[in-house]
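This report refers to the structure that appears directly beneath it.
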Amino acid sequence: MFLYYIIILLITILLFGLRYRVGIDTIRYNSFFDSLPSFDKLSLSSLLDYDYSPLFIIFMSLCKFVINEFWLFQLLHSIILNSFVFYFCWKRGFNPFIAVFYYFIIAGVTFNTEILRESMAVGIFLLNYRNIEKKKWFHYYLLSLLSIGFHYSAIITLIIPLFSNIKFNMKLIIYIILYLVIVCLLVNYVEDIIPIDILAKRYQGITTMKEDRDFTFFRYIALFIKSVFFPAMILSYNRKLKLHETYESMLLLFSILSMTAFVYPILFDRLSNYCLVFYVLCISNCVSKLHSKGNGYVFLLLTLLFFMHTNIRENNLYRYYPYHSIFDKGKEQKREKIFNDEIM
């Protein structure tokens, strides 16, 4: 079984590592790579002049120093990220194959082709989580700084330990309701409190809160399914099957962050990525137990619902499909148009 698992990992690494202009952010990073000096020509003083985090700049410039080809950066990124995720699922999942299956459905494509900086930070956090469990705080915060070095959103890892003991009960429900009420009341005042212009420079993807909330009704339905329906289903089945969910606190934190995304979609959707693989693990562990008891229809139902919640619209499909590799170097006109429209 382990051999098959490694084969799937290798296929995943090569699939994403050898892609060519698949993913809009990939095209953006490719353009940035072309303009970035190699490591031997990179000055320490210029690191903070870039919009991206310092360690990401160093990582990319080191790749360019070795070979001035973007595919090397993609391949190393794919090796590091997917090795971290697969190792995490192997060690912690009831059925690691089901866990990585859900990883592909929910996060795999986005992590590997779009949010490349943040996914590196998430991968480091997955390895770092054991330091929370063992209460090795020096090691934990040291690795948290490493995550922040790849993406500034990883600052949330500094406070995640504060939520490591939360449990689902009536008191928590009351706190969540109060929290959401306060968030909704402050929504029109946030731009006066938070320096959005500064954040927009350092945290790509934030523009204004008004644009942040400019989402369709379907998007809000998808957010509800992701942040409320699925976590409630997991907790319900766990109670029914008398399972102790090891990652209940991370599941609840994911739910809280995702519910906040109803008000600030882009910002808190990004922050919830640090809990996303735990969310995947909770789902896969629950489904594994149900499936082993002969409830295969649950597996099918959850799979279909997850495909719906990813909200793949026609334009989103063009971000990733058709697939091209570095061997054929094909360019898709519709994908290039989406890229050009987004940078305008």
Side-chain angles (χ1 to χ4, degrees), residues 47-48 52-59 77 79-94 96 99 103 107 111 115-169 171-172 175-176 178-179 183 194 199 202-203 227 231 234-235 238 243-261 267-282 284-285:
L47 275 178
L48 297 178
Y52 301 150
S53 304
L55 288 183
F56 183 82
I57 298 296
I58 293 172
F59 176 53
H77 178 278
I79 291 171
I80 294 169
L81 170 63
N82 291 299
S83 296
F84 286 175
V85 173
F86 273 64
Y87 175 79
F88 187 83
C89 292
W90 178 263
K91 286 291 186 180
R92 296 172 180 268
F94 292 166
Y103 162 66
F111 274 21
I115 55 172
L116 305 187
R117 294 176 295 130
E118 187 175 10
S119 63
M120 284 286 285
V122 170
I124 294 169
F125 173 67
L126 293 179
L127 292 187
N128 197 14
Y129 187 75
R130 66 177 182 268
N131 288 320
I132 294 180
E133 296 173 320
K134 296 179 179 179
K135 301 186 185 303
K136 294 183 177 180
W137 302 120
F138 176 77
H139 296 88
Y140 174 76
Y141 284 107
L142 192 63
L143 285 177
S144 289
L145 293 177
L146 186 65
S147 289
I148 294 170
F150 278 96
H151 199 271
Y152 294 115
S153 66
I155 195 170
I156 192 175
T157 63
L158 299 179
I159 63 170
I160 281 179
L162 300 176
F163 299 90
S164 60
N165 293 318
I166 60 174
K167 299 296 180 183
F168 183 72
N169 51 42
K171 182 185 291 187
L172 179 65
Y175 284 150
I176 291 176
L178 289 174
Y179 165 74
V183 166
I194 300 176
L199 287 177
R202 291 299 179 190
Y203 181 34
S227 63
I234 295 169
L235 292 170
N238 282 344
L243 294 175
H244 171 68
E245 181 51 72
T246 307
Y247 309 111
E248 182 173 314
S249 61
M250 293 300 293
L251 174 64
L252 292 170
L253 180 58
F254 173 83
S255 183
I256 292 169
L257 290 171
S258 296
M259 280 191 282
T260 313
L267 174 59
F268 282 90
D269 219 22
R270 282 291 193 112
L271 294 179
S272 68
N273 285 330
Y274 292 88
C275 308
L276 187 56
V277 178
F278 295 89
Y279 177 68
V280 168
L281 207 59
C282 290
S284 66
N285 285 348

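Here the structure is a predicted model, which means the values were calculated and not measured. The analysis underlying the following values was restricted to heavy atoms, covering all of them including side chains, and did not include hydrogens, waters or symmetry mates.
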Straight-line distance of Ile156 CD1 to Phe125 CZ, nearest 0.5 Å | 8.5 Å
Could you tell me which residues satisfy ring-ring contact (aromatic ring centres under 6.0 Å, His included) with Phe88, sequence neighbours excluded, listed by chain and number?
-> Phe278
Is the side chain of Asn285 donor-acceptor paired with the backbone N or O of Gly93 at a distance under 3.5 Å, no angle test?
-> no
How close do Leu47 and Pro54 get, heavy atom to heavy atom, and via which atoms?
-> CD2-O, 4.0 Å
So, the side chain of Ser255 versus the backbone of Ser227: is there a donor-acceptor pair under 3.5 Å, distance only?
-> yes
dist Thr157:OG1 -> Ile148:CD1 (nearest 0.5 Å) comes out at 5.0 Å
Please name all residues satisfying side-chain hydrogen bond (donor to acceptor under 3.5 Å, both in side chains) with Tyr274, sequence neighbours left out, ordered by chain then number.
-> Ser153
Under the ring-ring contact (aromatic ring centres under 6.0 Å, His included) test, residues paired with Phe254 that sit two or more places apart | Tyr279
For side chain to side chain contact (heavy atoms under 4.5 Å, CB included), just list the numbers for Phe111 and Asn273, CA-CA rounded to whole Å, side-chain angles, deciding distance to a tenth of an Å, and then say yes or no.
-> CA-CA 9 Å; Phe111 274 21; Asn273 285 330; 4.1 Å; yes
Can you sort out the partners of Phe84 under ring-ring contact (aromatic ring centres under 6.0 Å, His included), two or more places apart, ordered by chain and number?
-> none
When rounded to the nearest 0.5 angstrom, what is the spacing between NZ in Lys136 and CG in Leu142?
-> 13.0 Å
Closest heavy-atom pair and its distance - Ser144, Leu158 | CB-CD2, 3.9 Å
To the nearest 0.5 Å, what is the distance between CG (Leu253) and CD1 (Ile160)?
-> 6.0 Å
Would Asn128 and Ser147 count as a side chain to side chain contact (heavy atoms under 4.5 Å, CB included) if you check the C-alpha gap in whole Å, the side-chain angles of each, and the deciding distance to 0.1 Å?
-> CA-CA 10 Å; Asn128 197 14; Ser147 289; 5.7 Å; no
Can you name the nearest heavy-atom pair linking Ser53 to Gly149, along with the distance?
-> CB-O, 3.0 Å
Flag the pair Arg92 and Glu133 as a salt bridge only when some basic side-chain nitrogen lies within less than 4.0 angstrom of an acidic carboxylate oxygen.
-> yes
Do Leu235 and Leu252 have side-chain heavy atoms sitting under 4.5 Å apart?
-> yes
Go through the structure and list residues passing ring-ring contact (aromatic ring centres under 6.0 Å, His included) with Trp90, not counting sequence neighbours.
-> Phe2, Tyr5
If the plane angle is over 60° it's perpendicular, under 30° parallel, otherwise tilted; pick one for Tyr141 and Trp137.
-> tilted
What distance do Leu281 atom CG and Leu276 atom CG have between them, rounded to the nearest 0.5 Å?
-> 11.5 Å
To the nearest 0.5 Å, tell me how far Met250 CE sits from Phe163 CZ.
-> 10.5 Å
Side chain to side chain contact (heavy atoms under 4.5 Å, CB included) between Phe59 and Ile80, worked out | CA-CA 12 Å; Phe59 176 53; Ile80 294 169; 4.1 Å; yes
Check side-chain hydrogen bond (donor to acceptor under 3.5 Å, both in side chains) between Ser284 and all other residues, then give those that pass, not counting sequence neighbours.
-> none
His151 versus Val122: any side-chain heavy-atom pair under 4.5 Å?
-> no
Just wondering, do Leu143 and Leu127 contact through their side chains at under 4.5 Å, heavy atoms?
-> no
Are the side chain of Thr260 and the backbone N or O of Ile256 linked by a donor-acceptor pair below 3.5 Å?
-> yes
